[in-house]
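Every chain is numbered from 1, with letters handed out A, B, ... down the list of sequences.
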2 protein chains.
Amino acid sequence: MLRISKMTDYAVVLATHLAAADGAHAARDLALQTQIPEPTASKVLKKLARAGVVISQRGAKGGYALARRPEQIGIHEVIEAIEGPIAVTECSDESTDSFCEYETNCGVRANWQRINLAVQAALSEISLADMAFPGTGELISIALSSKDAERMRGAGTQGNDVH
Amino acid sequence: MLRISKMTDYAVVLATHLAAADGAHAARDLALQTQIPEPTASKVLKKLARAGVVISQRGAKGGYALARRPEQIGIHEVIEAIEGPIAVTECSDESTDSFCEYETNCGVRANWQRINLAVQAALSEISLADMAFPGTGELISIALSSKDAERMRGAGTQGNDVH
DNA sequence: GCATATGGGACTGAAACGGTCCGGTATATA
DNA sequence: TATATACCGGACCGTTTCAGTCCCATATGC
């Protein structure tokens with residue numbers, strides 16, 4: 001699977017929506033526009049606010065707005081806001097000191113961490129601006145480069161800042 | 001999270017173990033050597049056999065062995081054997097024709113697929129041989145290929161792998 | 001003061017996950 | 001041929017996680 005949860009999916013949609021139409025918007029309005037159930041959208045937005053991806057304004061005329069410009073927000077921030085640190089396996093998550101009980105037998109830990117880093121790197125390449133205003137060509141290189149080893153390096157070395 | 005399930009973790013450990021000590025081994029022995037509970041190990045091995053990652057021999061003196069040489073088996077095969085197709089979100093899974101109900105609003109689909117490809121590419125880089133016999137230098141290039149060096153802090157320094 | 005809007009957390013039903021167990025079948029060996 | 005060994009397929013179950021809802025407290029504009 002390696003599957004991202006529905007909540008995270010919502011978060012990306014909401015954040016993308018905020019990126020496309022900037023300024024402050026009430027959770028209710030965002031929910032209507034994105035067709036996400038209102039309580040759920042609200043819950044997601046709260047988490048985004050806590051993580052610093054969006055800023056919130058309470059009270060009448062309040063609402064949510066992006067904390068920074070879309071091109072300065074990486075998609076991994078949105079994902080981590082909902083799901084916590086991105087870690088492929090328990091033992092590759094450096095933050096939790098969960099020691100691997102099989103470590104002496106498996107010797108797999110270090111490799112998982114590298115895989116993990118590769119995934120994180122792939123996600124770091126994509127900004128909210130890329131999601132909100134696609135087709136500017138940058139992402140294509142990632143899609144087309146998925147054939148062999150050079151792709152990671154290639155995608156990583158070119159600047160993804162076109163917008 | 002982007003977290004891989006425990007079962008998949010077991011699968012990698014078992015496959016790695018088979019890669020390191022080739023020939024056929026009974027599920028029971030593998031379970032003992034890897035300290036994975038026997039019924040669970042058995043279940044995982046069955047799935048690996050079905051997916052063609054390992055071959056099985058029934059009857060007395062039977063057991064499991066790798067279907068191919070370790071360097072010819074990518075870990076994404078092992079992962080997919082347990083978890084099914086690697087897809088980050090529902091709508092980025094091309095196999096299921098689950099149409100995205102928000103598609104007109106989100107326009108996110110294509111980007112998810114690119115992210116997905118990047119993840120798959122990252123996983124395709126690693127073979128079972130890399131997991132079983134690390135330190136041959138191949139993986140290092142991937143780890144270092146991310147330009148986001150700050151995320152990589154300590155990745156290279158964490159070379160305490162080989163057991 | 002009041003309407004509006006977010007903050008925080010409790011709660012619930014459903015689904016997935018981790019793990020176990022059992023009857024069936026294939027095969028090597030005595 | 002009889003028997004022990006070992007995989008095959010799937011049912012089963014307790015626990016956890018997930019998606020979604022609801023409520024009350026708090027902050028703010030008018």
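A heavy-atom distance below 4.5 Å is not found between the side chains of A:Tyr64 and A:Ile55. In this structure, the side chains of B:Asp9 and B:Val13 come closer than 4.5 Å at one or more pairs of heavy atoms.
Between the P atom of C:dG9 and the NZ atom of A:Lys47 lies a distance of 12 Å, rounded to the nearest Å. Atom NZ in B:Lys6 sits about 11 Å away from atom P in D:dT17, given to the nearest Å. When the C1' atom of C:dT27 is taken as reference, atom OH of B:Tyr64 falls 15 Å away, rounded to whole Å. Taking atom CD of residue B:Glu38 and atom P of nucleotide C:dG18, one finds them 19 Å apart after rounding to whole Å. Atoms CD (A:Glu83) and P (D:dT17) sit 14 Å apart, rounded to a whole Å. Whole-Å rounding puts the B:Ile55 CD1 to C:dT27 P distance at 14 Å. To the nearest angstrom, C1' of C:dA15 lies 14 Å from CE of A:Met7. Nucleotide D:dC7 holds its P atom 13 Å from the NZ atom of B:Lys61, rounded to whole Å.
For A:Ala49 and B:Lys46, each mapped to the nucleotide of DNA chain C holding its nearest heavy atom, the one lying further toward the 5' end belongs to A:Ala49. Both B:Gly59 and A:Ala60 sit near DNA chain D, but only B:Gly59 has its closest nucleotide nearer the 5' end.
When only modelled atom types and interatomic distance are considered, B:Ser127 and B:Glu71 share no side-chain donor-acceptor pair under 3.5 Å.
When all heavy atoms of A:Ala65 and A:Ala24 are compared, the closest pair comes out as CB-CA, 4.1 Å. Across every non-hydrogen atom of B:Ala19 and B:Ala132, the tightest pair is CB-CB, 3.9 Å.
Around CZ of B:Arg68, the count of heavy atoms belonging to other residues, nucleotides or ligands within 6.0 Å exceeds 12.
Proximity of B:Ser56 to the phosphate of D:dC8: a side-chain N or O atom is located under 4.0 Å from OP1 or OP2. The phosphate of C:dA28 has OP1 or OP2 within less than 4.0 Å of a side-chain N or O from B:Gln57. For the OP1/OP2 pair of C:dG19 and a distance below 4.0 Å, the side-chain nitrogens and oxygens of B:Tyr10 include at least one atom meeting the criterion. OP1 or OP2 of D:dT21 has at least one side-chain nitrogen or oxygen of A:Thr40 nearer than 4.0 Å.
Within 4.0 Å of A:Arg28, counting heavy atoms only, lies no atom of the nucleic acid at all.
A donor-acceptor contact shorter than 3.5 Å is absent between the side chain of A:Thr8 and the backbone of A:Ile4.
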Protein proximity profile, nucleotides 11-16 of chain D - base contact B, sugar-phosphate-only contact S, no contact -, cut-off 4.0 Å on heavy atoms:
------
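Comparing C:dT6, C:dT20, C:dG18 by their nearest atom to the side chain of B:Ser5 picks out C:dG18.
With hydrogens and angles ignored, no donor-acceptor pair closer than 3.5 Å exists between the side chain of A:Arg58 and the base of D:dT28.
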